[in-house]
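Written out below as structure tokens is the structure these notes cover.
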Amino acid sequence: LGAVAQPNSSSPEPFRAERRNLSEQATSAPVAVLALCIDQHHTTVATLGYSAIDLVLDELLQRLRSLMPDVPWAPIETDVLAAAVALDKVESVAAMARDIVRQPFSVRARTLRLTGTVGVAQASGDASANATDVVRDAVVAMRQASSKGGNRWVRFEPVAVEQSVEGQT
């Protein structure tokens with residue numbers, strides 16, 4: 001695996017292929033999209049540098065793929081991993097992802113104990129629904145939960161988007 005935070009330099013938008021693949025999965029059947037971030041991302045970068053967080057994210061992605069081989073985890077932003085999962089698996093996958101993040105990481109002779117936050121947005125499987133919006137909604141839910149302390153998983157609430165749009169007018 002290459003470093004998670006190293007998108008294809010020929011792509012005008014980092015992680016475009018991963019986002020497109022995730023969006024396609026979100027329209028193929030009723031699923032939910034989970035977006036996962038490490039709560040201590042900024043602290044780790046400030047203390048150990050970007051290359052250290054790249055190592056942590058690479059290791060996290062390998063762990064997720066190894067321990068949940070049926071869940072298609074992929075990087076969609078420099079600090080976000082995401083997957084589309086069946087609706088009946090949301091709670092167990094979100095809990096397991098957070099448990100995997102809590103396992104210690106060894107970076108540059110330091111042991112890091114981290115926590116993770118997961119945002120969940122449900123896709124209806126309706127072809128008219130915009131799958132890109134579902135991915136965005138999962139990231140919005142994750143960022144909102146992370147800003148409130150993190151270390152949890154939350155479902156996307158459409159009211160939050162409506163309120164933020166109203167505040168911009």
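The figures that follow rest on heavy atoms only: side chains count, while hydrogens, waters and symmetry mates do not.
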Please assess Val139 against Ile76 for the test side-chain contact (heavy atoms from CB on, under 4.5 Å), listing each intermediate value before the final yes or no. CA-CA 10 Å; Val139 172; Ile76 61 166; 3.8 Å; yes
Within the structure provided, determine whether Val90 and Trp153 are in side-chain contact (heavy-atom separation under 4.5 Å). yes
Kindly say whether Gly119 contributes a backbone atom to a donor-acceptor pair with the side chain of Arg152 at under 3.5 angstrom? no
Donor-acceptor under 3.5 Å (Asp39 side chain, Asn151 main chain): yes
Using a 3.5 Å distance criterion without hydrogens, assess whether the side chain of Thr47 forms a donor-acceptor pair with backbone atoms of Thr44. no
So does Met96 get a backbone contact from the side chain of Arg98, meaning a donor-acceptor N/O pair under 3.5 Å? no
Is there a side-chain contact between Val93 and Leu34, using heavy atoms and a 4.5 Å cut-off? yes
Using a 4.5 Å cut-off on heavy atoms from C-beta on, say whether the side chain of Leu64 contacts that of Val71. no
side-chain contact (heavy atoms from CB on, under 4.5 Å), that's the test. Do Val120 and Phe156 meet it? Break it down for me. CA-CA 6 Å; Val120 178; Phe156 174 75; over 6 Å; no
Less than 4.5 Å apart, side chain to side chain, heavy atoms only: is that true for Val80 and Arg143? yes
Please confirm whether the backbone N or O of Met142 pairs with a side-chain atom of Ser146, one donor and one acceptor, at under 3.5 Å? no
Hey, any chance Ile53 and Val107 share a hydrophobic cluster, counting ILVMFWY side chains that come within less than 4.5 Å of each other, even indirectly? yes
Non-hydrogen side-chain atoms of Leu112 and Leu48 separated by less than 4.5 Å: yes
Below 4.5 Å, heavy atoms only, C-beta onward: do Leu60 and Ile100 meet side chain to side chain? yes
Does one hydrophobic cluster hold both Met68 and Leu57, with members joined at side-chain heavy-atom distances below 4.5 Å? yes
Less than 4.5 Å apart, side chain to side chain, heavy atoms only: is that true for Thr115 and Ile38? no
Going by heavy atoms in the side chains, are Phe105 and Leu114 under 4.5 Å from each other? yes
Quick check: closest heavy atoms across Leu36 and Trp73, and the distance to 0.1 Å? CB-CZ3, 4.0 Å
